[in-house]
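Worth knowing before you read on, the calculation uses all heavy atoms, side chains too, and leaves out hydrogens, waters and symmetry mates. What you see is a predicted model, and the numbers here were worked out from it, not measured in a lab. Chain letters run A, B, ... following the sequence lines, proteins first, then strands; residues in each count from 1.
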Protein chains: 2
Amino acid sequence: MTSNQKQHYHHGDLYKSLLDAATELLREGGVEALSMRKLADRVGVSRMAPYHHFKDKNDLLCAIAEQGFRLQEGCLSECEVLPTATALEAYVLTYIRFSQEHVETYDLMFGRDIWKTGAPTESLKQVSKVTFKRWVDWIERLQRERVLSTDDSALRVAQSSWAGLHGLCRLFNDGIYLNPEDLESIARTLVNSWLETTSIKR
Amino acid sequence: MTSNQKQHYHHGDLYKSLLDAATELLREGGVEALSMRKLADRVGVSRMAPYHHFKDKNDLLCAIAEQGFRLQEGCLSECEVLPTATALEAYVLTYIRFSQEHVETYDLMFGRDIWKTGAPTESLKQVSKVTFKRWVDWIERLQRERVLSTDDSALRVAQSSWAGLHGLCRLFNDGIYLNPEDLESIARTLVNSWLETTSIKR
DNA sequence: ACCTCTATCTTGACACTGTCCAGATAATAT
DNA sequence: ATATTATCTGGACAGTGTCAAGATAGAGGT
C-alpha cells in the first residue's frame, strides 16, 4: 500500500466495482436478486473473489446501506438551510422522494435484513446514528421557533415524527399503499398533524 | 368431500398441521428460518406433501398472514366498544402489543415478502382491506366526536395516522429502535400529535 | 537479480433452498 | 370391482452462501 487503499492488483479496482455492480443488481431486482455469485459473475471474477473485500454478504449489504445514508445526507442537507416556514415540508418531500428513487437501498438502510436478521457494521451504526441526531437537532430548532409543539421532548417528537415518515415510505415501498398520487397528500396530512397551532396549518 | 373440507386422508389433517407448524417455525426464527423442507420434516411428511395444500411458499405465507389478521381483529375489536376518551389510546397500545407479541407474523402481514416480492392472495387482500376500512370508519367517528381534527378527510387522517403507528412498530420490530421502554412513551407522543386541540392533550 | 511475504483470486466441495416431474398409494365415486 | 381423483413420495435441477485448500502475482527486502 503506497498511497491509496489496496486496489490495482489483479482486477484493478474490485472493491468499487463490486459496490457499484451490487447497487445496480439491487436496483434491478431488489435484495433477493442480489446474490454473491451473480455479483461476482457480473464483475467478471470468480465466485469467492468478493469475499476478500467483503467479509460476508451482510458486510456487503451494510456497505451499500452506508453509501445510501451518505447519498441521503446529501439530499437532505439542502433543505436545512431553507427558511423555517418551508423547510419542514421540503425536508419531508425530499425524504420521501429519496425513498422512492432508491427503493431498494432505502429498504436496506432501514430493513430487518441488516438490523435484525443480520448484524449492522460498526461504521453503519455510526452513520445512521449521526443522521438521526441531525434530525433531532433540527426538531429542537423547530420547537424553539414555535413551529412544533413543545409538549414533548425533542427526542420524542423526533422519534414519533420519523416513525410517521418512515412508516409512510414503507407502506408505499412495500406495496401496501399503491397509488403514488396519494403520497404527497398523505404526507401533507402527516406534517399537518405535527404543527403546533391550527393557525399555521394550511 | 362429504361434510367438512378435504382432510382425513393419509395424514389426517395436514392443512391445519402445516399451518400450525409453520407459524411455530416462523415464531422461532423468522421467515428466513421457515423453509418448506423443514416444515414438511417437522410435520413428518415428505418434501412435496405441503404443495398439495399450498400452491407455493408464497401461498403458505399468505395463509399465515391471513390468520394473523383474524387474530389481530379479535384483539382490536375489544377496544372499539370502549368509551371514546380512552378508546384511542387503548387501540394504539393494543395494536403495538400485538405487533410485539407476534413480531414475525406482523412482519409477514405488512411486509414486502408478500405484498411486493410475492403476490398477496385474493382472500388476504380482502381481509386486510376490511381491517383497514374499520380503521377508517373509526377515525371518522372520532372526527365526528371532535377528538380528531377534521382539517383532512377521514381517509387521509386514517392513512397518515396508521403510517405512524405502523412505522413505529416496524422501527422496533426491525431492530432499529431498541429500547422497549421508550415505545409506550413514543406512542403517547404520536397519539398526542393526532388530537384536535391542546386542551384535550395530556 | 532473487527470494519471501502477503494480498488477491480460483476451484472444489458441502449443506442448504424452492419446486418441476413422474410415479406410488389410498380414499371415493360409479 | 373398477375407475377416478386426492394425496403423498423421491429423484432431479438450478439456485444459494461460504469453508478450505491451492494458484498467482505484485511489493519489499536483500
Side-chain angles (χ1 to χ4, degrees), chain A residues 1-19 21-22 25-26 28-64 108 111-114 116-119 121, chain B residues 1-19 21-22 25-26 28-64 104 108 111-114 117-119 121:
Chain A
M1 300 172 218
T2 51
S3 61
N4 257 352
Q5 287 100 336
K6 58 231 171 171
Q7 278 83 23
H8 324 298
Y9 278 80
H10 302 60
H11 176 274
D13 200 355
L14 229 195
Y15 183 88
K16 196 180 177 313
S17 300
L18 286 171
L19 207 64
L25 274 170
L26 189 72
E28 284 171 24
V31 69
E32 67 276 358
L34 167 53
S35 85
M36 295 299 271
R37 293 167 105 109
K38 256 189 283 186
L39 173 60
D41 215 51
R42 176 165 299 202
V43 174
V45 292
S46 80
R47 247 170 323 154
M48 290 298 287
Y51 283 86
H52 289 91
H53 300 271
F54 301 98
K55 173 180 154 292
D56 252 344
K57 183 176 185 180
N58 177 71
D59 199 39
L60 170 68
L61 296 183
C62 285
I64 302 176
L108 227 48
R112 72 187 278 137
D113 274 358
I114 285 180
K116 187 164 191 181
T117 308
T121 309
Chain B
M1 301 176 219
T2 49
S3 61
N4 256 353
Q5 287 99 339
K6 60 232 170 167
Q7 277 85 20
H8 325 297
Y9 279 82
H10 301 59
H11 175 274
D13 200 354
L14 231 195
Y15 182 88
K16 194 178 177 314
S17 300
L18 286 170
L19 207 64
L25 274 170
L26 189 71
E28 283 171 24
V31 70
E32 66 275 0
L34 167 51
S35 85
M36 296 298 273
R37 294 168 104 111
K38 255 188 286 185
L39 173 61
D41 215 50
R42 176 166 298 202
V43 175
V45 293
S46 81
R47 241 170 324 148
M48 291 298 289
Y51 284 86
H52 289 91
H53 300 271
F54 302 97
K55 174 179 153 290
D56 249 346
K57 182 177 185 179
N58 177 71
D59 199 40
L60 169 68
L61 296 183
C62 286
I64 302 176
E104 308 297 342
L108 228 49
R112 71 187 277 140
D113 275 358
I114 284 179
T117 307
T121 310

With the threshold set at 4.0 Å, does a side-chain nitrogen-carboxylate oxygen contact exist between B/E32 and A/K116?
no

Residues B/R42, B/E28: salt bridge by 4.0 Å N-O rule
yes

What's the angle between the local helix axes at either end of the helix from C/dA1-D/dT30 to C/dT30-D/dA1, using five pairs per end and rounding to 10 degrees?
10°

Could you tell me how far apart [X] ([atom1]) and [N] ([atom2]) are, to the nearest whole angstrom?
| X | N | atom1 | atom2 | value |
| --- | --- | --- | --- | --- |
| A/D41 | C/dT11 | CG | P | 12 Å |
| A/L39 | D/dG17 | CG | P | 9 Å |
| A/L14 | D/dA25 | CG | C1' | 15 Å |

Along nucleotides 13-21 of chain C, 5' to 3', which nucleotides get a B, which get an S, and which get a -, given that the test is a protein heavy-atom distance under 4.0 Å?
B---BBBBB

Closest nucleotide of DNA chain C for A/S46 versus for B/H52: which of these residues is on the 5' side?
A/S46

Under 3.5 Å, side chain of A/K57 to main-chain N/O of A/L34, donor-acceptor pair present?
yes

Verify, without hydrogens or angle tests, whether B/N58 (side chain) and B/A119 (backbone) share a donor-acceptor contact under 3.5 angstrom.
yes

Taking atom [atom1] of [X] and atom [atom2] of [Y], what is their separation to the nearest 0.5 Å?
| X | Y | atom1 | atom2 | answer |
| --- | --- | --- | --- | --- |
| A/D56 | A/C62 | CG | SG | 9.0 Å |
| B/K16 | B/L19 | NZ | CG | 8.0 Å |
| A/I114 | A/L108 | CD1 | CG | 4.0 Å |

Is any side-chain N or O of B/H53 closer than 4.0 Å to OP1 or OP2 of D/dC8?
yes

Below 3.5 Å, can you tabulate the donor-acceptor pairs from side chains in residues 43-51 of chain B to any protein atom, sequence neighbours excluded?
none

